[in-house]
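Within every chain, numbering begins at 1; the chains are lettered A, B, ... in the order of the sequence lines, protein sequences first and strands thereafter.
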Amino acid sequence: MTVAILRFGGSNCDRDARAALDHLDVDAEIVWHEDGLPDDVEGVVVPGGFSYGDYLRAGAMAARSPVMAEVREAAESGVPVLGICNGAQIGSESGLTPGAFTTNRSARFQCEHVHLRVENAETPFTQVFEESDVISLPIAHGEGRFEIADDALATLRSEDRVLFRYCDTDGNVTDAANPNGSKDNIAGVLGEQESVAVLMPHPERATLPEVAGANGAGTDGAGVLAAFE
Amino acid sequence: MTAYTVTVTVRLKSGVLDPEAETTQQALERLGFDLDGLRSADRFEIDLDADSADAAADRADEMAERLLANPTIHDYEVTVAAADR
């Protein structure tokens with residue numbers, strides 16, 4: 001499997017994603033967005049960073065770049081697509097997934113460890129977990145507050161397309177455990193297919209054992225990236 | 001064709017939290033100003049040529065729909081004026 005890790009001007013988690021996938025023995029390459037997806041692409045990661053300097057809105061510019069039309073086609077053919085942090089913002093801005101990620105309730109950039117409850121374990125990104133499992137991943141964002149209209153949220157829930165919600169260490173979904181004011185504590189959602197997901201936390205930063213040991217995170221991210229194995 | 005300047009104003013929908021506006025309001029209050037509320041908006045001034053003011057507005061609508069606004073969180077309005085250029 002060749003996984004394309006898209007690089008835009010301002011992407012900065014592309015190499016982290018490749019290191020994490022290398023660790024999992026997943027064949028992955030960083031692809032400059034203007035070069036388009038490789039013909040044999042079997043997975044796409046849209047990594048974190050600050051594409052186009054977050055001009056207009058985080059992810060707005062990259063979402064309208066030609067390569068995202070290719071990503072949409074790949075997604076429709078069943079190729080797993082994962083947007084992480086800025087990649088999540090790009091995914092929602094491009095319409096791959098519903099809702100929007102906007103300014104944190106705190107109006108600050110937040111870099112911390114959070115706990116997430118697995119809401120749907122029947123996806124490639126959560127296959128190693130059970131529903132209601134609590135995992136730990138780091139966040140690092142200023143615009144991660146998930147917003148969605150009430151009726152669209154109801155649809156999302158009824159279709160079981162909420163992937164992760166911010167929770168406390170015991171799995172309780174509380175306002176205190178919501179780092180950024182996201183609606184319904186939502187940290188990650190699915191597209192129209194369960195093989196398309198976006199999330200604000202960084203699984204690639206909680207995959208390598210040596211990094212995990214150094215920064216206090218575990219390796220739960222490896223379970224999310226197992227979608228590409 | 002006539003030269004127009006269309007103005008697209010993009011603001012958060014009513015009820016959507018605006019932490020930047022809240023922070024700005026708090027800063028003004030710290031400076032001693034007395035205010036009851038503050039809303040912020042993005043304003044784009046676009047120079048273009050079109051057959052009519054309506055045609056200019058239609059193009060600005062499409063720009064807002066496709067890029068300038070995010071329909072999940074934003075409302076927008078378009079005004080058209082003869083260009084001063």
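- Within the model, atoms CG of B:N70 and CG of A:L56 stand 9.5 Å from one another, a figure rounded to the nearest 0.5 Å.
- Formation of a donor-acceptor pair under 3.5 Å by the A:R105 side chain with backbone atoms of B:L17 is not found in this model.
- Contact of A:T102 with chain B is made through the side chain alone, with heavy-atom distances under 4.5 Å.
- Of all heavy-atom pairs between B:P19 and A:T103, the closest is CG-O, 3.9 Å.
- Atom CD of A:E112 has more than 12 neighbouring heavy atoms from other residues, nucleotides or ligands inside a 6.0 Å radius.
- Heavy-atom neighbours of A:E192 CD from other residues, nucleotides or ligands within 6.0 Å: at or below the threshold of 12.
- Interface check for chain B: of the options A:A152, A:G99, A:A149, the most heavy-atom pairs under 4.5 Å are formed by A:G99.
- Counted within 6.0 Å of OH on A:Y55, heavy atoms from surrounding residues, nucleotides or ligands total 12 or fewer; the atom is thus considered open.
- Here B:L68 is the residue among B:V10, B:L68, B:D42, B:T23 with the most heavy-atom pairs under 4.5 Å with chain A.
- Heavy atoms of B:A69 lying under 4.5 Å from chain A belong exclusively to its backbone.
- If you measure heavy-atom distances from A:R145 to chain B, the contacts under 4.5 Å come from the side chain alone.
- Separating the NZ atom in B:K13 from the CD atom in A:E147 is a distance of 10.5 Å, to the nearest 0.5 Å.
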Working for side chain to side chain contact (heavy atoms under 4.5 Å, CB included), residues B:I73 and A:F101: CA-CA 9 Å; B:I73 52 174; A:F101 294 99; over 6 Å; no
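- Here the side chain of B:R66 pairs no donor or acceptor atom with the backbone of A:R64 at under 3.5 angstrom.
- A:I148 and B:T72 make their closest contact through CA-CG2, 4.0 Å (heavy atoms, listed as atom of the first residue, atom of the second, distance).
- Note that CD of B:E20 is 7.0 Å distant from CD of A:E143, once rounded to the nearest 0.5 Å.
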